[in-house]
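Order of listing sets the numbers, starting from 1, for every ligand and every atom in it. Keep in mind that this is a model prediction, so the values were computed, not measured. One is the number of the first residue; the rest follow in order along the sequence.
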Amino acid sequence: MTNATNAPAAPDIPALESRLYMHTFSPRQHPITLVRGEGARVWDDTGKEYLDFVAGIAVNILGHCPPVLVRAVQEQVATLIHTTNLFYTRPQIELAQLLVKHSALDRVFFTNSGAESNECAIKLARKWGKLHRGGAYEIITAWNSFHGRTLATVAATGNRHYQEPFEPLPPGFTHVPFNDLDALRVAVTDKTVAIMLEPVQGESGVFPATREYLQGVRRLCDEQHLLLILDEVQSGMGRTGTLWAYEQYGIEPDIMTLAKGLAGGLPIGACLAKEAVDVFAPGDHGSTFAGGPLVCAGGVAVLREVLERELPARAGVLGRRLAQGLQELQQEADAGIKEVRAAGLWIGVQFVDERATAVLTRCREQGVLVNKTSNDTVRLAPPLIIDEADCDRFLDVFGRAVAR
Ligand SMILES: *Cc1c(COP(=O)(O)O)cnc(C)c1O
């Protein structure tokens with residue numbers, strides 16, 4: 001422990017960041033410095049405690065520093081950290097086995113992020129189009145989608161704001177309104193190779209696809225000989241009430257992409273595909289860090305824990321409890337809640353006006369962290385390990401924070 005006389009002065013992080021960082025994140029939604037986390041709680045550098053309903057944007061699914069993940073990583077970091085894919089490693093094959101066993105997909109390519117998982121899916125679909133659909137290469141995605149920040153995934157993302165500064169973008173992407181099957185039908189041409197969708201649009205504020213829509217999309221893909229790519233980067237790993245969101249729609253994708261919660265906070269992603277869609281040949285794709293033993297050992301520990309503790313079902317139960325509390329709050333005119341959209345422990349609360357920043361600031365002051373996806377929408381994505389008391393505490397603080 002340091003004492004007051006020889007403790008170094010705390011660095012002025014906001015001033016330093018403004019000099020040192022590229023200004024992509026400023027101003028921060030939460031201008032606090034987090035120094036420690038445990039379970040669903042984090043602490044800042046003044047010692048203030050918060051209930052964390054951001055969870056690293058749906059990443060820390062087991063909460064902060066969960067013992068199973070800490071143990072797995074500590075063991076692995078002292079055994080073998082990195083090898084490259086010139087070699088086999090055990091954690092990588094174990095994680096691939098688990099993913100294939102517990103999904104409808106057959107083959108895995110590991111990546112380091114969601115954007116890279118989608119890049120892999122795009123490359124795979126294009127090569128498949130060359131071989132099986134007369135050179136078709138276009139991918140149809142939805143407006144208000146989010147697929148990442150690389151050039152190809154920004155082109156795929158249906159948000160002009162993210163695209164305009166970086167044009168010209170790679171060609172081969174068209175956009176249609178989400179949950180509109182007719183628009184999709186009209187958009188398909190002989191150049192189309194795939195339809196890429198999030199089962200629940202997360203970054204735009206938690207908009208679930210309807211059952212009729214996703215089933216219709218699956219049928220359309222089958223009729224037109226197109227690939228269905230589901231971006232489950234944020235919806236996967238139990239968040240919506242099932243391990244993968246597609247399970248609730250009675251369909252299976254041809255390609256599925258993962259990242260965020262896959263290793264509970266370690267940087268990892270994966271692109272999964274049906275066997276018949278895996279047309280990659282040696283040398284077609286690669287990545288230096290991807291699928292390394294450290295992150296894969298973390299992924300194995302996290303996925304096992306999610307399955308053993310049946311956290312997806314728990315996310316469904318607690319998500320309903322939260323949504324119900326929020327719908328009751330919505331009855332109070334003062335709360336200004338226009339809509340509550342929920343998919344398990346993933347909830348968008350849209351207000352009638354632009355009060356999201358005020359709400360998240362008041363919540364933070366009262367020791368609860370949430371984030372906003374726009375000026376009128378707050379998004380909740382707590383760790384899947386929260387309990388009933390955490391839900392009730394959240395509802396209490398949130399209820400007081402929303403009132404004008
Ligand atoms: C976050 C996200 C991505 C991008 O993931 P990164 O790891 O930030 O590259 C892609 N798709 C969806 C649906 C996401 O939520």
Less than 3.5 Å between some nitrogen or oxygen of [X] and one of ligand 1, yes or no?
| X | result |
| --- | --- |
| G114 | yes |
| V233 | no |
| A115 | yes |

### Exercise: identify the closest heavy-atom pair between T373 and E203
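That closest heavy-atom pairing would be CB-O, 3.4 Å.
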### Task
Please check if the side chain of T157 supplies one atom and the backbone of H147 the other of a donor-acceptor pair under 3.5 Å.
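Answer holds: yes.
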### Query
Under 3.5 Å, is there a donor-acceptor pair between the side chain of R379 and the main chain of V206?
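Checked: no pair found.
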By number and element, which atoms of ligand 1 are closer than 4.0 Å to a non-hydrogen atom of [X]?
| X | result |
| --- | --- |
| N118 | 10 (C), 11 (N) |
| D231 | 10 (C), 11 (N), 12 (C), 13 (C) |
| E198 | 13 (C) |
| S113 | 7 (O), 9 (O) |

Regarding [X] and [Y], does a basic nitrogen lie under 4.0 Å from an acidic carboxylate oxygen?
| X | Y | result |
| --- | --- | --- |
| R160 | E167 | yes |
| D284 | K127 | yes |
| D396 | R400 | yes |
| E94 | R304 | yes |

#### Entry: R149, E203, Q201, K260: member with heavy atom nearest to atom 14 (C) of ligand 1
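Closest candidate by heavy-atom distance is K260.
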### Message
Which option wins on minimum heavy-atom distance to atom 10 (C) of ligand 1: M196, H147, Q234, E119?
### Response
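When every heavy atom of M196, H147, Q234, E119 is considered, H147 comes closest to atom 10 (C) of ligand 1.
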### Query
Can a protein heavy atom be found under 4.0 Å away from atom 6 (P) of ligand 1?
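So atom 6 (P) of ligand 1 has protein heavy-atom neighbours under 4.0 Å.
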